[in-house]
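Throughout, a chain's letter reflects where its sequence line sits, starting with A, and its residues are numbered from 1. Bear in mind the structure is a predicted one, so any value in this text is a computation, not a measurement.
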Amino acid sequence: MSAHSPTSHAPAARRLRRGNPLGALGGLLWLLVVLVPVYWVLVTSLRSREGFFDANPLAVPSSPTLENYRLVLDHDFGRYLLNSALVTAGATLLVLAVSFLAAYAIVRGTGRLLRWTFSLFLLGLAIPLQATIIPVYYLIAKAQMYDTLAAVILPSAAFAIPLTVLILVNFLRDVPDELFESMRADGAGHWRMLWSLALPLSRPALITVTLYDALNVWNGFLFPLILTQSPDQRVLPLFVWSFQGEFTINVPAVLAAVVLSTLPVLALYAVGRRQLISGLTAGFGK
Amino acid sequence: MAGVPLRSTLAAGAVALALTVTACGSSGRTVSGGSGDGVLVWALTQGSETTFRASAKEWNKAHPDRKIDIQFFQNDPYKQKLRTAVGAGNGPVLFENWGGGGLKSYVDAGKAADLTPELEKNPRWKNRIFPSVLRSTTFDGKIYGVPANGVQPVVLYYNKQLFKKAGARPPKSWEDLLALVKTFKAEGIAPLAMGGGSKWPDLMWLEYLVDRIGGPRAFADIAAGKKGAWSAPAIRKAAGMIRQLVEAGGFAKGFTSVSADTGQAEAQLYTGKAAMLLQGSWGYGTIRTGASKFVAEGHLGWTGFPAVKGGKGDVKNVVGNPANFYSVSAQASGKEKKTAVSYLKDGVYNDSYVDNLLKGGDVPPVKNLDAELKSADNPDWLSYVYGLTRDADSFQLSWDQALDPELGDALLTHLDQLFLGKISPKQFCAQMDRAAAK
Amino acid sequence: MSAPGASGAAGSRSSGGAPFVMAAPALALFSLFALVPMAIVGYLSFTRWNGLGSPSWTGSDNWREALTSDVTRHALWLTAKFMVVSWLVQTPVSLLLGVFVAGRQRYRTLLAVVYFVPMLISAAALAIIFKNLLDPNFGLGATLGLPLLDHNWLGDPQLAFYTTVFVVAWQFVPFHTLLYQAGTRQIPASLYEAAAIDGAGRLAQFRHITLPQLRYTIVTSSTLMLVGSLTYFDVVFVLTGGGPGLATRFLPLDMYITGFQSNEMGRASAISVVLVAVGLLLSLIIVRFSGFSRMRSQQAGM
């Protein structure tokens, strides 16, 4: 589950270090496919609105301006950032708390109910969230929660449960039984074992799922689109989308909004790339 | 994350979570929400946005105890937003709409308030508005909305610079238009810009062609739900002419993916990439905002939709929207309703409101405007729109608004297919007949 | 949330396993927002509801309409096509890239770092990037004047479909590349050494060692790809809105447009049910015929 440590190093490395010109060519080609749009976004976001129309689209702007970024920041960007942070933190913490409890119970418990619950979660992996948007909207409207951040947090968390539980279950199963047994011999109950044993041991898995769930919620679009409407409750992806409508053909400004909305995740990537990657391939990467 | 003990992090997290969820939950807002304490108003971006903003500011200054809080939405997502919000019991107190079938579904669901008693109580307010305009919001003799901006006939805009360079003249007939297509294509300029990605601009072509060929009668049959009305010769022929124009390369490359919401089609016109644009009168405001110099220097031209030889429709007939309307939510509290009505009565169409509309090229459908029209800074455009509306025997409301929303949506889908050449004119008629029969 | 004190006592008293109550909050949350909605959507599919009033029972009308509608059938067919084409595009690219960046050369690691960037961008932002980049008038191709790039990417129905496939690939290839990279790095080096002694060339090694050894990764990645493209919504919604015409109106788009734009929530619910059914069916088939579950349990034991 953790980042892949280079095991059985020497011989593998020798093979893997051989040159491969064809591969390198392909690799470079894809690099271009990835970088050209990203580069275009960056240079365009630095152009003035007028400069956009007559400049060579890939040239470095002759007089770069941060005006577009200021425009975006002036449009309540801070509030949307805060909303996104609240939604992400709320949903992630919620899903972590309930999933960890459930995973512990599933691994350390025996009852038929628990086995049944686990199967249900496994089945739940196949339920597409898109297909439930109409009834979720119906429920949220009936519960008078329409247009609140909680309306986004709760369903987002609910749909993250199956995978989170699955990953945590897989991880907890690897914890040797003896550790629990010896604690139990000391008279510890399940809540204490959960808190003082399972929790500290699960740290890597928890970090992994945290990042995975957080990124998914952060970038989520459909729930906020349907379940909120006012600017007060707007999250970043929705902001970027509505900003492009408001700013007609001011492409540089729209792209500046795109850059700003991605910046927090990019920063996270710069700091914790390894955890983020293992988080994203969580449960699949083995 | 390293270094911080996991368990204390979690404990802190749990507390934060509890706080977040309760905080978010308790922020559940009622109709009166919004950033301020005012009455929430929903309106559309572009078009008359400037006027709406100015009016809200002025009103709030004069009525600190009866504020309004106005929020703006893009045209295309607006309909969905409004419906989900109103359906969830969380809609605005005042909402902009187009009247017709769309508004009727709100009326049927009991979501729009009957404004008739208020209007009857204030004859000065009611009598100032052109009665024909109120027809779009009148159901069973009750009025559910009042106009909030100007009349919106659809006209053909053109770039005078490009026309001059090509030695061309604005089209008077369909043949002229086809000839212009050739002329501009030879110059490497797109003859017609269009925001086909939004689908409803397609409709303006069909509406005008059907009118020019068959007169207002053809659509009257459709609206009456007459069987086979979509297969009438006028519709069939109009659909064929649309194909003809598309195949001749009349529309700018990629027009089917250009969104009308973002003002791109207008931009093509004023940046000299396209020569003409069929658009509602709100296009004038969009162009003025995007390229005020272009308009000020007189490079923007406009004319009516060309005639079709042998057609029954009068070339003076227009299609478009009589106006956009404000309706009041039936769910609003008594106090909110009162504020909303007083704003509609005294805020909307007061002197500065009308001035702002005129400045943006909007002609409000109210009586006794001659003096204002003359003294505005763009009298050519205003008197053109005013005259166009006045002289038209038939002012056909946009079909997607006039029909019920489901059929309107089916129409846009099928028409889009027709523009793309995915279906033939014959198939278009047959499919629409089938959709209408449902 | 549950009351830890009370149930904790119960837990320690029971001699055996952990108490069910610990799993209850997750089960409750999941049921409320995933299972209950499934029941509601089933109910709504038999009603007429325009989103404003209250749903009214209509029997099987929606089902008849949805199943006979040309548009919905087309959406179903389009979704199948999209799944297959996406798989055909993404699998070779990510497999080759994954194997390539599994090498330990520094530049390959660096490449992997950059490849990953698209995954960080939200679907909405990504779609907006490409919408502007591919704009027929003001986009990169149009302004650069390169004939190769200057096409009607999003306005031509045929092209728009493949453009969508590409944009989705742009977003998801990084993820699958990662899977393949990780998978490749787990292949025991001894296998390659033996092959090298037998004189097998690079291509032979790739065919006879790398590919077979990656079979579980291929199954995992393909499952995620197929099930994922069934429900793909965000990027397509912002990029094309399902158009031009019906060119990218996949099943989830069809559901959204039917429900939230044409205001036929009942019929849209019927489409939702189809979506769920196809998703479950697909997962079951894959699990059954690919040994995915065996692999899972194997992994769980690792």
* side chain to side chain contact (heavy atoms under 4.5 Å, CB included) assessment of A/Gln130 paired with C/Tyr256 -> CA-CA 9 Å; A/Gln130 289 81 357; C/Tyr256 177 88; over 6 Å; no
* Which bit of C/Leu284 is near chain A, if near means a heavy-atom gap under 4.5 Å: side chain, backbone, both or neither? -> neither
* Structure fact -> All heavy atoms of C/Phe30 vs all of A/Ala158, minimum pair found to be CD1-O, 3.4 Å
* Structure fact -> Looking only at heavy atoms, the pair that brings C/Leu280 and A/Leu123 closest together is CD2-O, 4.2 Å
* To do: Against chain C, label A/Leu114 side chain, backbone, both or neither, depending on which of its atoms sit under 4.5 Å from a heavy atom there.
  => both
* Closest non-hydrogen atom pair, A/Val34 against C/Trp170 -> O-CZ2, 3.5 Å
* Contacting moiety of A/Ile161, where chain C heavy atoms sit under 4.5 Å -> side chain
* May I have the step-by-step check of side chain to side chain contact (heavy atoms under 4.5 Å, CB included) for A/Ile133 and C/Phe260, ending in yes or no? => CA-CA 10 Å; A/Ile133 187 64; C/Phe260 292 98; 4.3 Å; yes
* To do: Start with the C-alpha gap between C/Met22 and A/Arg108, add the side-chain angles, then the distance that decides, and say whether side chain to side chain contact (heavy atoms under 4.5 Å, CB included) holds.
  => CA-CA 11 Å; C/Met22 291 175 117; A/Arg108 304 300 309 165; over 6 Å; no
* Name the region of A/Trp241, side chain, backbone, both or neither, that has any atom closer than 4.5 Å to a heavy atom of chain C. => both
* Asked: With a 4.5 angstrom heavy-atom cut-off, which part of A/Leu236 approaches chain C: side chain, backbone, both or neither?
  -> neither
* Asked: Checking A/Leu35 against chain C: side chain, backbone, both or neither under 4.5 Å from a heavy atom?
  -> side chain
* Contact origin within C/Phe100 toward chain A - heavy atom pairs under 4.5 Å -> side chain
* Side chain from CB out, backbone as N, CA, C, O: work out which of these in C/Tyr180 comes under 4.5 Å of a heavy atom of chain A, or both, or neither. => neither
* Against chain C, label A/Val107 side chain, backbone, both or neither, depending on which of its atoms sit under 4.5 Å from a heavy atom there. => neither
* Asked: Where on A/Phe159 is there a heavy atom nearer than 4.5 Å to chain C: the side chain, the backbone, both, or neither?
  -> side chain
* **Donor-acceptor contact below 3.5 Å, side chain A/Tyr269 vs main chain C/Val113** => yes
* To do: Under 4.5 Å heavy-atom distance to chain C, tell me which part of A/Ala24 shows up: side chain, backbone, both or neither.
  => both
* Side chain from CB out, backbone as N, CA, C, O: work out which of these in A/Leu268 comes under 4.5 Å of a heavy atom of chain C, or both, or neither. => neither
* C/Tyr115 (side chain) donor-acceptor with A/Gly27 (main chain) under 3.5 angstrom -> yes
* To do: Would you mind telling me which of C/Leu97, C/Thr177, C/Leu96 makes a side chain to side chain contact (heavy atoms under 4.5 Å, CB included) with A/Trp30?
  => C/Leu97
* Against chain C, label A/Ile226 side chain, backbone, both or neither, depending on which of its atoms sit under 4.5 Å from a heavy atom there. => side chain
* Structure fact -> In terms of heavy-atom contacts, C/Ala124 and A/Pro237 come closest through CB-O, 3.8 Å
* **Heavy-atom closest pair, residues A/Leu215 and C/Met119** => CD2-O, 4.1 Å
* To do: Identify the two heavy atoms, one from C/Ala34 and one from A/Thr132, that lie closest to each other, and give their separation to 0.1 Å.
  => O-CG2, 4.4 Å
* Asked: Quick one: what part of A/Ile127 sits under 4.5 Å from any heavy atom of chain C, side chain, backbone, both or neither?
  -> side chain
* To do: Assign the ring pair C/Trp49 / A/Tyr137 to parallel, tilted or perpendicular, where the plane angle (0 to 90°) is split at 30° and 60°.
  => parallel
* Side chain, backbone, both or neither: which part of C/Val114 has an atom under 4.5 Å from a heavy atom of chain A? -> both
